[in-house]
2 protein chains.
Amino acid sequence: MKITDIAKLAKTSTATVSRVLNNDPRVKEETRQRVLDIIKKTGYKRNTLGRNLRKMRSGNILAILPTILNPIYARIIDGVERQANKSGYGVIIAVSHRKKENERKQLEMLQTKEVDGAITFVSSLDEQFLGEMAREYPLVLCAGFTHCENVSYTCIDNEKAVYDGMKYLLSLGHKRIACINHKFSKVYEYQRKMGYERALKEARLPIRPEYMITNCTDFKDGYNYTKKLMELPEPPTAIFAFSDKIAAGCIKCLNEIGVKVGSEVDVMGFDNIELCEMITPTLTTINQPLEEMGMVAFDMLYEKIKNIKTTRKAVIMDHKLIIRQSTRPMKNA
Amino acid sequence: MKITDIAKLAKTSTATVSRVLNNDPRVKEETRQRVLDIIKKTGYKRNTLGRNLRKMRSGNILAILPTILNPIYARIIDGVERQANKSGYGVIIAVSHRKKENERKQLEMLQTKEVDGAITFVSSLDEQFLGEMAREYPLVLCAGFTHCENVSYTCIDNEKAVYDGMKYLLSLGHKRIACINHKFSKVYEYQRKMGYERALKEARLPIRPEYMITNCTDFKDGYNYTKKLMELPEPPTAIFAFSDKIAAGCIKCLNEIGVKVGSEVDVMGFDNIELCEMITPTLTTINQPLEEMGMVAFDMLYEKIKNIKTTRKAVIMDHKLIIRQSTRPMKNA
DNA sequence: TTGTACGCGTTATCAC
DNA sequence: GTGATAACGCGTACAA
């Protein structure tokens, strides 16, 4: 059943049927009804494949995730999907597993017109390549920072977020604060490090390399590094982990070696995922507005799809300190 | 740049170019090279829109999720995506938010040829409607059970899974075991209830309605219901929650009211999500092979896409008891 | 081994 | 308001 069949049955032309389907106002009410009747009677559904070819668009966008198992990305996608849905776009997810070749191949879907635009996250591709793609195709970076012209992006101010977290820990009376950073050499990791160091400098406290853990990916790493930190001659009195899962690893470790979290040693996370409320003690953290970032990312992409000439945009979202049980004023402060 | 341009530049026909693009062996090596050279030189990429119309397929499948925020679905999608990727299919995600109208509209994408097949999860649609769609289009149910002809499905044996969990708890010496079931009136919830009751009957223990909580959705509910359970004149000595998040709520509550989990009261979850290892004590649970279920679901769908006439299939996956710290032999057993 | 010619289903243009 | 017709880019049956 195709548009020509409907036209014949309604004794009109394909053009008119198409107009009805697209709510073109210049169709006589009587004709419209006749066509709609036939459509209803036959159960005709328009074939999107033909439509897409004619309009030279796919109606889908691509979201390239490093992994979907991290709830952070799930939440961002939730925002993207919600917003895309409103504009009638479908969201195709592609998992890069942080492999350059995968991401490259996935971005090719822009060139083959399989998707009308793409949202990428912490990218493993060089900025040059990204920039070249963005010159020709709608491309947006979400939850990350880029120097690239043409690539719009949205993220929080990571330097300030960590700085604010540190200020809070310092205000509790901590003098020995460790931080645990991620593994992948991304701009935001550098920015977080800077925030950590700035806060210490302003407080006239030393920056101790043994307190600055890097190459930490997940829960298990958080657990292991915490053990090492606590074995130092002068262990820290607070640990600021730059992800909640890592912080959960810290807490797990401290619980096991009998150190009271939230009195003897404070722990702070980053992201504010569901987990924070589930562990004991509950986890103080920095909130990232992930759903909103996803929504903003889609909106920026949509704008680019509608008019590729729009200039690049940066939307910096607000972070927020969420205080829970894992941090408390020091007794001897 | 389209296929005709390449044909002209390579001094051949569009048919031959198309053959080269599709690795048709009956092209002279010399011609093939000439075409490939031009393709490389011009950076030509084939337009998928034209191709899709011609082949009357979209190259995408749809995954209709109740929500993407539950890590369970994220893990299933991981399996689906992985497998789809191998076959060159894209995965479009659509979130139904458990709304009938949403799900219905999303399934329409099959009729409009926007997707070549669909995987649905715990569906809120009546079986009749699902069955009708499945007669015409490739449709698969993942992590759920259905009576529908035409709808292939994959899931674990939920009755036996709960039964096995109960047998384990009984073997530890428990005589008063509560269970906390979900909210949505799905077949699998009924099956789990049956498993719970069968185990009690076989052990000649009474089935106490006050120990059978229902309408429990998430962490917070688990927390609240546990409080109520422990306020009973005869509180249970073990709680079997039919989701890990709910179980985490139980543990949280017990921790707070000073009841030792894993000695005074045992707690058991369901699903084996990451969380189980992160909380204290770690959570005994029933593992569902979620990634594998996603992979199987895609494979079944793929088979249907290739040949819609294939008969309906059911793949029952193995569950597994994972023992951790939240359960232990009772002292006085 | 290659080329010609047509059709996939829709929308846009133009003429009426 | 409406209808005829030409694209959109590709794949393939058929002929050579």
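Each chain gets a letter, A, B and so on, in the order the sequences are listed, and its residues count up from 1.
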*So, is A:T16 near the phosphate of D:dG3, with a side-chain N or O under 4.0 Å from OP1 or OP2?*
yes

*Atom CD1 of A:I6 to atom C1' of C:dT11: distance rounded to whole Å?*
16 Å

*Checking A:S18 side chain against A:T14 main chain: does a donor-acceptor pair fall under 3.5 Å?*
no

*Check if the side chain of A:R32 and the base of D:dG1 share a donor-acceptor pair of N or O atoms closer than 3.5 Å.*
no

*asked:* Nearest 0.5 angstrom please: B:M293 CE to B:I156 CD1, how far?
replied: 6.5 Å

_Rounded (10°) bend between the five-pair end axes of the helix from C:dT1-D:dA16 to C:dC16-D:dG1_ = 30°

*OP1 or OP2 of C:dA12 under 4.0 Å from side-chain N/O of A:S18*: no

*Which nucleotide in the set C:dT2, D:dT2, C:dA12 lies at the smallest distance from any side-chain heavy atom of A:V27?*
D:dT2

*Main-chain N/O of A:K2 paired to A:D5 side chain as donor or acceptor, under 3.5 Å*: yes

_Nucleic acid contacts - residues 33-61 of chain A versus DNA chain D, non-hydrogen atoms under 4.0 Å_ = A:L53, A:R54, A:M56

*Report yes or no: does A:D116 contribute a side-chain atom to a donor-acceptor pair with the main-chain N or O of A:I61 at less than 3.5 Å?*
no

*Looking at B:Y89, does the NZ or CZ of B:R57 lie under 6.0 angstrom from its six-membered ring centre and within 45 degrees of the ring axis?*
yes

*Nucleotide C:dG9, atom C1' - distance to CG of A:N22 in whole Å*: 13 Å

*Rounded to the nearest angstrom, tell me the gap between atom CD1 in A:I3 and atom C1' in C:dG7.*
16 Å

_Check: B:D24 main-chain N/O paired with B:R32 side-chain donor or acceptor under 3.5 Å_ = yes

*Any donor and acceptor pair, going by atom type alone, linking the side chain of A:D271 with main-chain N or O of A:I273 inside 3.5 Å?*
no

*asked:* Looking at C:dT2, I'd like to know if its phosphate oxygens (OP1 or OP2) sit under 4.0 Å from a side-chain N or O belonging to B:T31.
replied: yes

_Of A:R19 and B:K11, the one whose closest DNA chain C nucleotide lies more 5'_ = B:K11

*Rounded to whole angstrom units, what separation is found between the CG atom of B:L21 and the P atom of D:dG9?*
15 Å

_I need the CG-P distance between B:D24 and D:dT12, as an integer number of Å._
9 Å

_Non-hydrogen side-chain atoms of B:N47 and B:R51 separated by less than 4.5 Å_ = no

*asked:* Contact between B:H97 and A:R82 at the side-chain level, heavy atoms closer than 4.5 Å - yes or no?
replied: yes

